[in-house]
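A note on names: the letters A, B, ... follow the listed sequences, proteins ahead of strands, and every chain is numbered from 1.
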Amino acid sequence: MRRTSAQCIAGALVVAVAATACGAGEDAQTAKAGGHITVVLGEPRHGLVGQETAETEGAEVLHALFTGLVTYDTKTSEPKLAIAESVDTTDSKTWTIRIKDGFTFHNGEKVDAQSFVRAWNWGANQENTAEAMGFFSKIEGSQELAPGKGRTPTAKELRGLKVIDDRTFTVTLKAPFSQFRTMLGYDAFYPLPKAFEADPKGFGQAPIGNGPFRMDGAWEHHEQIKVKKYDKYPAEGRAKLDSVTFKIYDDLDAAYRDLHKNAVQITDKLPVSALDKVSEEFGDRYIYKPEASVGYIGLPLEANPAAFGKAGIRKAISMAIDREAICKKIFRGTRKPADDFISPIVPGYRRGALGEAGTYNPTKAKALFEQAGGIPGNKLELAYNDDGGHKEWIEAVAAQLRANLGLDVSAKPYQSAGALIDDVKSQEFKGAFRMGWAMDYPAAENYLRPVFSKEAIANGSNFGRYASEEFESVLAAADRATDPAESLTLYQQADDIVIRDLPYIPVFTYMSAVAYSKTVKNVGVDAQGRMDLAHVELN
Amino acid sequence: MGRYVIRRLGQMVVVLFGATVILFCCLFVLPGDPVGSLGGDKARDPAVVEQLRERYGLNDPLPVQYGNFVKNLAQGDLGEDYTQRRPVTEVLGPKLVNTAQLALAAIVLDIAIGLLAGLIAALFRYSFWDVLITLLTTMAVGFPSFVIGMVLQKVFVIQLEWVPLISDGTMKSLILPAFTLAILDAALVARLMRGTMLEVLRADYVKTAVAKGLPRRTVLLKHVMRNSIIPVVTYLGISFGSLLGGALITEAIFNWDGIGLALVQAVQQQNNPIIIGVVSFGVGVFVLLNLIVDLLYAVLDPRIRLA
């Protein structure tokens with residue numbers, strides 16, 4: 001439905017519109033006087049509670065309403081301490097977290113150790129069906145709160161969490177995990193006030209956070225979410241603006257038009273129709289940088305070893321894909337050819353790590369393919385979900401494989417990603433399939449374990465059922481390491497194993513799509529694609 | 001009359017039953033677990049999925065699920081929206097008002113344009129106006145409503161900027177969607193009106209009335225209009241149901257935040273409670289309107305007696 005209206009509008013967006021602030025300019029004027037801006041949002045899925053939010057729209061609002069223990073640098077994606085005064089460990093297993101003084105919830109309640117423990121206990125309990133439950137599975141005792149399908153929790157509190165004093169608590173993990181500090185910036189680890197316990201459902205409609213902005217009224221569904229500056233926020237990091245309205249759009253073309261008219265000041269969602277012209281129209285007010293998502297071609301290693309079992313075949317497929325052409329011609333530069341399994345935005349990414357496998361070379365690909373004995377029947381099906389704009393690039397990949405490998409490739413559409421995953425999981429479908437991944441926290445580890453580990457077969461995105469002991473043991477060693485540099489090197493080693501084995505074939509990285517009007521400055525987005533609204537200022 | 005109404009209401013229950021059973025079966029055969037993923041490629045934790053399936057009763061056999069649905073429906077409860085986790089009635093309530101607003105505006109436009117055009121065409125048969133109206137109505141019937149909607153949007157929203165792109169609930173933003181929704185029915189009404197009116201104009205009782213020396217006005221209003229409007233009323237009653245169908249497309253084009261748009265989104269997200277809610281409501285309205293139309297016959301045509 002978005003696409004139909006997009007087509008209609010595509011031709012008509014003219015730069016001239018930008019110059020004329022029409023009826024909708026009212027917002028812009030108040031902005032100059034009182035420090036108010038409007039930003040684009042899609043309707044969040046359900047209650048605005050950190051532990052309940054695993055999607056971008058809710059995360060956007062929560063980022064304004066809450067401040068976590070750590071936050072991510074908008075440039076380097078490195079974790080920086082936010083509410084935490086220190087996050088220390090000697091063995092990567094037991095972590096001592098000390099909270100800064102002076103943070104309060106918007107109802108005046110102090111942010112103390114208990115507010116974090118409360119929130120995490122709630123999120124870890126499977127009875128609460130929190131979307132982010134999986135993030136607590138590393139903490140000791142989590143299996144008692146989430147014993148799994150068909151069982152009831154036997155505890156209400158995580159054994160691994162201990163409150164030492166008002167401002168200190170310790171977290172004991174089941175096994176050492178060097179990336180725990182980085183993980184803490186994820187929505188799941190936000191604190192919750194006492195008021196949450198009385199009415200979790202109602203809380204989600206008008207959350208009481210501890211962030212630079214507080215709710216101004218309740219969430220008006222499909223309309224807007226208004227927030228205003230929280231005056232008692234510590235001076236450092238206090239919001240510059242007085243208030244922000246998250247205006248909820250169903251139609252990104254409409255949002256983009258409103259940006260042109262300055263009825264909206266920032267958007268981090270651009271319609272397809274805008275991609276051609278946005279950098280020309282907004283210049284340096286268009287933030288062009290890679291973001292968290294990666295697109296792959298997945299291979300069912302376990303279900304179809306006859307076709308995909310040989311490393312030579314997988315490498316041949318990878319080398320027969322012209323990533324550059326797909327990114328340029330189909331995505332018009334809004335995606336970037338993948339050259340590492342680790343995304344360019346996280347520490348640990350190495351340019352060109354894929355090496356030969358990621359370099360387009362049809363001749364060599366064909367030779368490799370024949371040398372490995374080809375695919376039985378010389379037929380390959382390539383599945384994709386038809387509801388997410390994947391048709392074009394999958395068909396391009398199919399055409400390239402057809403031309404370069406002489407393989408009889410056909411693209412197979414599925415109604416939804418869920419239906420595709422069902423068929424791949426049940427091994428009903430034995431062909432290659434489109435797959436994607438967006439990290440939850442900016443760590444190299446997060447591009448490896450959730451997609452390629454054995455644990456991710458049951459509970460993650462390892463739909464090809466790749467299983468490598470070597471990979472597991474390097475990953476575990478990296479988790480155990482206490483020296484950040486050492487652990488990163490080990491994760492890169494694990495990355496090298498995946499690059500050698502190519503269980504999935506990485507094709508592209510997505511680019512962010514943020515543009516803002518002339519009236520604002522200091523606009524930044526973090527690795528999660530969340531706007532850093534507290535720093536935004538009016539010109 | 002009273003018994004007739006009761007009998008018809010009884011039939012309505014049967015129709016609703018049939019429709020919802022079919023709907024349940026259809027949703028059941030759809031691939032993919034409605035609560036299985038977070039959206040996109042990320043799978044939910046199996047324990048969470050299980051808990052959610054349990055909460056929404058998705059583990060029960062289909063007949064049990066249906067039984068629960070009926071039981072809750074009787075109490076005015078349509079269940080909980082899977083994505084927003086709010087009661088369906090609460091989610092759909094405000095959207096229903098929006099759709100009703102749109103449908104009402106469309107029906108008013110529909111009647112006004114349709115009757116007037118039909119009247120003119122019939123009274124001045126073969127004149128320039130008749131030919132023009134015939135031509136325009138043919139075009140209106142020929143073009144799918146999404147084409148009309150998008151052309152209107154392009155001209156009035158994008159180029160002339162007379163009305164806002166996103167509906168903001170004002171009368172101004174109501175005009176285009178209502179017109180888009182009304183145009184097809186208005187064309188059909190005009191043609192129907194023209195045809196029946198021409199027939200009635202030739203009828204003996206009209207000739208008699210004219211011969212008696214009644215003023216033309218009286219003849220037209222009391223005899224011609226009243227008799228030629230019956231098929232039109234039938235048609236309008238039925239078309240109200242298709243209006244709901246047309247609202248799907250129209251609401252999607254104009255981003256009119258009604259139940260049609262909600263249904264489109266719910267289908268994409270496999271949000272079954274919303275789908276069931278909207279469809280059951282649609283069926284209910286359709287059946288009820290048919291009843292009202294039948295009752296109106298009796299009022300418009302004294303020859304029809306309902307028993």
Inset, instruction - Starting from the C-alpha separation in whole Å, work towards a yes-or-no answer on salt bridge (charged side-chain N to carboxylate O under 4.0 Å, His left out) for A/Arg151 and B/Glu54. - result: CA-CA 12 Å; A/Arg151 303 213 189 101; B/Glu54 204 55 49; over 6 Å; no
Inset, instruction - Check the pair A/Lys149 / B/Gln51 against side-chain contact (heavy atoms from CB on, under 4.5 Å), numbers first and verdict last. - result: CA-CA 8 Å; A/Lys149 215 168 150 168; B/Gln51 205 84 29; over 6 Å; no
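Neither the backbone nor the side chain of B/Arg53 comes within contact range of chain A, judged by heavy atoms closer than 4.5 Å. Contacts of A/Glu428 with chain B are absent, with no heavy-atom separation under 4.5 Å from either backbone or side chain.
Within a 6.0 Å sphere centred on CZ of B/Phe143, other residues, nucleotides and ligands contribute 12 heavy atoms or fewer. Counting non-hydrogen atoms of neighbouring residues, nucleotides and ligands closer than 6.0 angstrom, the CZ atom of B/Phe179 reaches no more than 12 such neighbours.
If you tally non-hydrogen atom pairs under 4.5 Å between each of A/His222, A/Met133, A/Gln205 and chain B, the highest count goes to A/His222.
Across A/His46, A/Arg45, A/Glu43, a single residue satisfies side-chain hydrogen bond (donor to acceptor under 3.5 Å, both in side chains) together with B/Gln84, and that is A/Glu43.
Distance check, rounded to the nearest 0.5 Å: NE2 of A/His221 to CZ of B/Arg86 gives 3.5 Å.
The ring-ring contact (aromatic ring centres under 6.0 Å, His included) contacts involving residues 261-282 of chain B comprise nothing, where partners must be two or more places apart or lie in separate chains.
Looking only at atom types and distance, the side chain of B/Glu50 has no donor-acceptor partner in the side chain of A/Gln126 under 3.5 Å away.
Between B/Arg85 and A/Glu131 there is a salt bridge, since at least one side-chain N of the basic residue sits less than 4.0 Å from a carboxylate O of the acidic one.
Nearest heavy atom pair, residue B/Arg55 against residue A/Thr129, reads NH2-OG1, 2.9 Å.
Partners of A/Ala155 under the side chain to side chain contact (heavy atoms under 4.5 Å, CB included) rule, at least two apart in sequence or in another chain, are A/Glu144, A/Leu145.
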